[in-house]
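A, B, ... follow the sequence lines: proteins, then strands. Residue 1 opens every chain. Every value quoted in this text rests on a predicted model; they were computed, and no experiment measured them.
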Amino acid sequence: MSIDYFVSILIPMLEGARATVLLFLIAIIVSIPLGFLLTLIVRSSIKPLAYLANAYIYLMRGTPLLLQLLFIVFGLPLIPVVGEYLVLDRFTAACLGFILNYAAYFAEIFRGGLLAIDKGQFEAAKVLGLNRWQTMRKIVFPQMFRIALPAVANESVTLVKDTALLYAVAVPELLHFAQTAVNRDFTITPFLLAGVIYLIITLFLTLFFKWLERRLRFD
Amino acid sequence: MPILKVENIKKSFGPLEVLKQISFEVNKNDVIAVIGPSGSGKSTMLRSLVHLEELDGGSISVNGNYIVKDGIYSKPQQLKEITSEMGMVFQHFNLFPHLTVVENLELAPKLLKKGSAEQTRELSMELLSKVGLSDKADVLPSKLSGGQKQRVAIARALMRKPEVLLFDEPTSALDPELTGEVLRVMKDLAQEDMTMVVVTHEMEFAKEVANKAIFMDKGEIVESGSPVDLLNNPQMERTKAFLYRTLSK
């Protein structure tokens, strides 16, 4: 196997990896704040909103991400009357699907972080005269994020691998180019190469989160 | 006039009456030791003074201002102002683990905009030196021993210059060899005429430092008086039984 061949399959795959990384970045940057917002809504005293948020989380966690992606990319345009306005660029539609799905998971992770905070923290804050919002902002959220960090890291690694679902909605990404090369050249090398590229991405991600955990450690 | 006046306070958790018509007064410079078996309602009583527990009836006033009057609470803003006269030290310290020692002290004054940053820093350093922890200012609580944590918690409670300082079993979570350093700080405060209400199992501390002791059992005050009298020469059967059990341990 020549170096030339190797480079010839590597270049389109790196091109595909760009879509993978881009989707990952967009999804994580939007879904983490959105998940946090969902957590707040679930805990809010406005009950109808809280029910709605819970129903949303149940829906997103209770159905396959693949179904959700197919629904958004291929399903929405089929809805009578409004469908024609719901035809999105496939990559955009896929981003939307990932964001909506992952926000629900992050909401659950943050909720777990909130539950882990000792009630003594709230009591101390109250006795010191902090109001609810000051308590949340300065005492609760910083601890919640720190507690949730390992779970967030784990979910992020899952997200990297889930980007391969783009394959199913025909957005060219890393796996798509690997599969194409395998079919065309009848060799297993592109699959191995794809695996290595995923490993490199998740390695960087893992190292980043380990660094963040060390930096924010307080126990 | 007493600083703190507690009249006929009542509270139930479901069918269980944890506070049955409790009344007492705290005068300036009092150090009151509240003793009694676990489940006697003494912690609930103390916590209700700073509105960590909601009462079903009775009145609590600080310098004549009612936190709750005949079971009806003041408006939140008022309530906050009145309870701000009191500081609280918890059994489990409740330090903020993500903040350094000095940040623990300064968080509330800074958020509530009490004084300039320089004044706040001056006060926090003064209080840390008072509890003997000047060198730990920039350390996270996880690096401290239990006794050190509790001393930080005391300094934090003193930051708002409370008129009354409440202690909820401040040494119960500590290893025996660490209780001394905390009791010493409390004794210093008493000598500086700090008004304190201390829920405690430390009978020696009660005798030595408190000027009044209250014995609670099953949600009532059974007996109160001078600590030495109450502890050495209890009048009521329940007090005798409790002290016998405690001392024979």
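- By the 30° and 60° cut-offs, the orientation of the rings of A:Y102 relative to A:F98 is parallel.
- For chain A, the nearby parts of B:H98 are the backbone and the side chain; heavy atoms of each come within less than 4.5 Å.
- For the 3.5 Å distance criterion, the side chains of A:T63 and A:Q68 qualify, holding a donor opposite an acceptor.
- Both the backbone and the side chain of B:L111 come within contact range of chain A, judged by heavy atoms closer than 4.5 Å.
- Scored by the side-chain contact (heavy atoms from CB on, under 4.5 Å) test, B:A190 finds B:V31, B:M196, B:V209 as partners (sequence neighbours excluded).
- Chain B forms the most heavy-atom pairs under 4.5 Å with one residue out of A:K126, A:K119, A:R146, and that residue is A:K126.
- Proximity to chain A (any heavy atom under 4.5 Å) is shown, for B:L166, by neither the backbone nor the side chain.
- For B:F96, the parts lying near chain A are the backbone and the side chain together; criterion is any non-hydrogen pair under 4.5 Å.
- Side-chain contact check for B:N63 and B:E163: at least one donor-acceptor pair (N or O, by modelled atom type) lies under 3.5 Å.
- Across B:L95, B:V89, B:T83, the residue that shares the most heavy-atom pairs under 4.5 angstrom with chain A is B:L95.
- Residue contact with chain A, scored on non-hydrogen atoms closer than 4.5 Å, involves the side chain of B:R47 exclusively.
- In this structure, a donor-acceptor pair under 3.5 Å is absent between the side chains of A:E173 and A:T163.
- Between A:F145 and A:F36, the ring-plane angle classifies as tilted under the 30° and 60° cut-offs.
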